[in-house]
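Everything numeric here is computed off the predicted structure, so don't read it as measured data.
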Amino acid sequence: MLIIMKKNASGETLDAVKEYLINRGFDIHQSTGANHVIIGIIGNTDSLGEKEIEVMEGVSQVVRIRKDD
């Protein structure tokens, strides 16, 4: 799963999203670009709903990576 943060998301907002994920047992990988920060979630994200993350402050988009069969 990937979380794309809004361009104007503050550092505090980014930290809150990362803390939310880490507290739920996920590892994360952050990629910081010129306009957006992307958080890659490492682990079984079946228990994590896109909607619960999309409503968090600073989140622009949540993309679930399709599982290979």
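Under a hydrophobic clustering in which Ile, Leu, Val, Met, Phe, Trp and Tyr are joined whenever their side-chain heavy atoms come within less than 4.5 Å, directly or via other members, Ile38 and Ile28 fall into different clusters. In the hydrophobic clustering of ILVMFWY residues, with side-chain heavy atoms under 4.5 Å counting as a link, Val37 and Ile22 come out together.
Put simply, CD on Glu54 and CE on Met56 are 12.0 Å apart, with the number rounded to the nearest 0.5 Å. Taken to the nearest 0.5 Å, the CD atom of Glu12 stands 9.5 Å off from the CD atom of Glu57. In this structure, NZ on Lys7 lies 4.5 Å from CG on Asn35, to the nearest 0.5 angstrom.
Residues Val17 and Ile3 form a side-chain contact, since some pair of their non-hydrogen atoms from C-beta on lies under 4.5 Å apart. At least one side-chain heavy atom of Glu52 sits under 4.5 Å from a side-chain heavy atom of Tyr20. The shortest distance between side-chain heavy atoms of Ile65 and Leu2 falls below 4.5 Å.
The two residues Ala9 and Gly58 have their closest heavy-atom pair at CB-O, 3.9 Å. What you find for Ser10 and Thr13 is that their closest heavy atoms are OG-OG1, 2.8 Å.
Among Ile39, Val63, Leu21, Leu48, the single residue meeting the side chain to side chain contact (heavy atoms under 4.5 Å, CB included) criterion with Met1 is Leu48.
Within the 3.5 Å criterion, the main-chain N or O of Thr45 finds a donor-acceptor partner in the side chain of Arg64. Side-chain N or O atoms of His36 include none that pairs as donor or acceptor with a backbone N or O of Ile4 at under 3.5 Å.
A 6.0 Å sphere centred on CD of Gln30 holds more than 12 heavy atoms belonging to other residues, nucleotides or ligands.
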